[in-house]
Amino acid sequence: MSTRIAFLKGHGTENDFVIVPDPENAIDLPPAAVAALCDRRAGIGGDGLLHVVRSAAHPEAKGMAAEAEWFMDYRNGDGSIAEMCGNGVRVFARYLQRAGHVTEGDLAIATRGGVKTVHIAKDGDVTVGMGKAVLPDGDVTVSVGERSWPARNVNMGNPHAVAFVDDLAHAGDLYSPPPFSPAAAYPDGVNVEFVIDRAPGHVAMRVHERGAGETRSCGTGACAVAVAAARRDGADPTVTGAPATYTVDVPGGALVITERADGEIEMTGPAVIVAEGEIDADWLESATSA
């Protein structure tokens, strides 16, 4: 390990990330190191970490290298591995553009949730093709304190439980994962979204993300919310043949989600790089072994 490691800090609708460029996959980032870097008081601070690796250099992404040069090795803030992060993909694309690896227009990014198509617009917004939602059968319930709600089970490459509530304050502090049942619905945990209506085609949400607690935004969560809202509203684009678009307000801003007639979902929103610098490798080693 070199004495200093380059990093950047970025966010998408205030869902923030530590970015570690490592094209050849040469930097060891065990869970304790990721958690130390994402610590908001003793580290750099972030909801998660974007490890930027060439697909051909990572064992989990080699099979996608022909489709996508770059692999988003995404980690939650507690160091655990996650399949996908929609806001993270946008920030990942913005980093690739800043570093000169890509330009405005279309590109592909490999993730554990598959290869994602991305478009970097001239106005600065980034659109990500999020794939199709899977809606598993079975009833799900989520709870906060003495309140419980039915939730829609939506999988966007990672699992979500979407509950429509009367007041976002009913979600509580979201420090701890909201209980859900049945346990078999989400054997590896779940991201839980609490949603209210603002206007037709316009909702607002709060989210508890697995491994991160409440975050200011969740891209896959916003997609899950839009799908759940569309089904609740009687709109299934694969049946009607008409796309369904929802604006989803999150604490950190707004995302526009469109489900097309072929079932593919597109998410559009901002992505910003706010800083770059160097990590002291001695500190990281010390923090990891503490």
Side-chain angles (χ1 to χ4, degrees), residues 1-58 60-61 68-104 107-113 116 118 120 124-126 128 209 211-212 215-220 252-253 267 269-281 283-284 287-288:
M1 183 178 287
S2 61
T3 56
R4 295 193 177 272
I5 302 165
F7 82 93
L8 298 91
K9 179 73 182 285
H11 76 92
T13 49
E14 298 183 12
N15 192 188
D16 62 336
F17 309 96
V18 179
I19 305 162
V20 178
D22 181 22
E24 302 310 317
N25 198 28
I27 300 172
D28 184 27
L29 289 171
V34 173
L37 288 168
C38 291
D39 189 296
R40 296 194 179 279
R41 291 181 173 84
I44 296 167
D47 293 321
L49 183 143
L50 306 176
H51 185 205
V52 184
V53 185
R54 292 190 189 276
S55 298
H58 198 288
E60 292 183 71
E69 180 181 3
W70 295 96
F71 173 55
M72 184 180 77
D73 175 17
Y74 181 68
R75 317 292 183 87
N76 292 314
D78 65 355
S80 60
I81 289 172
E83 301 91 337
M84 239 295 283
C85 175
N87 287 318
V89 172
R90 295 203 320 280
V91 175
F92 192 96
R94 178 69 75 225
Y95 163 74
L96 293 178
Q97 181 187 33
R98 180 189 179 100
H101 298 305
V102 303
T103 59
E104 292 172 357
L107 69 145
I109 294 173
T111 76
R112 290 185 178 86
K116 303 302 177 184
V118 178
I120 303 174
D125 277 352
V126 180
V128 180
E209 287 197 64
T215 60
R216 300 285 293 171
S217 180
C218 175
T220 56
M267 175 183 66
V272 181
I273 303 295
V274 300
E276 59 181 313
E278 294 180 325
I279 303 161
D280 187 299
W283 166 82
L284 184 60
T288 301

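Counting begins at 1 with the first residue of the sequence. When reading the values below, keep in mind they use all heavy atoms of this one structure, side chains included, and skip hydrogens, waters and symmetry mates.
With a 4.5 Å cut-off on side-chain heavy atoms, Glu278 and Ile5 do not count as touching. At least one side-chain heavy atom of Lys116 sits less than 4.5 Å from a side-chain heavy atom of Met84.
Atom-to-atom distance recorded for Thr288:OG1 and Leu37:CG is 7.5 Å, nearest 0.5 angstrom. To the nearest 0.5 Å, atoms CD (Glu104) and CG (Leu107) are separated by 12.0 Å. Annotation: the span from Ile19 atom CD1 to Leu49 atom CG amounts to 9.0 Å, rounded to 0.5 Å. Summarising the geometry, atom CG belonging to Leu8 is positioned 10.0 Å from atom CG belonging to Leu50; distances are rounded to the nearest 0.5 Å. Atom CZ of residue Arg94 and atom CD1 of residue Ile120 lie 6.0 Å apart, to the nearest 0.5 angstrom. For the atom pair CD1 (Ile273) and CZ (Phe17), the distance works out to 10.5 Å, reported to the nearest 0.5 Å.
Contact between Asp39 and Ala42 at its shortest, heavy atoms only, is OD1-N, 2.7 Å. In plain terms, the two heavy atoms of Asn87 and Ser217 that are nearest each other are ND2-OG, 2.9 Å. Closest heavy-atom contact between Asn15 and Arg216: N-CB, 4.3 Å. Closest non-hydrogen pair, Tyr95 versus Pro21, comes out as OH-CB, 3.3 Å. The nearest pair of heavy atoms linking Ala68 to Ala110 is CB-N, 3.5 Å. The two residues Val274 and His11 have their closest heavy-atom pair at CG1-CD2, 3.9 Å.
The backbone N or O of Val34 sits nowhere less than 3.5 Å from a side-chain atom of Arg75 that would complete a donor-acceptor pair. Here the side chain of Lys9 pairs a donor or acceptor atom with the backbone of Gly45 at under 3.5 angstrom.
Ring geometry, Trp70 versus His101: the interplanar angle falls from 30° to 60°, so the pair is classed tilted.
Among residues two or more places apart in sequence or in another chain, the salt bridge (Lys or Arg N to Asp or Glu O under 4.0 Å) test is passed with Asp47 by Arg40. Applying the side-chain hydrogen bond (donor to acceptor under 3.5 Å, both in side chains) test to Asp78 and every residue at least two apart in sequence or in another chain returns Ser80. Remark: Arg112 pairs with Glu60, Asp73 by the salt bridge (Lys or Arg N to Asp or Glu O under 4.0 Å) rule, at least two apart or across chains.
Val52 pairs in a side-chain contact (heavy atoms from CB on, under 4.5 Å) with only one of the listed residues (Asn25, Val20, Leu96), which is Leu96. Screening His51, Arg54, His58 for a side-chain hydrogen bond (donor to acceptor under 3.5 Å, both in side chains) involving Asp22 leaves a single residue, His51.
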Begin from the C-alpha positions of Thr13 and Arg90 and carry the test side chain to side chain contact (heavy atoms under 4.5 Å, CB included) through to its verdict. CA-CA 10 Å; Thr13 49; Arg90 295 203 320 280; 4.0 Å; yes
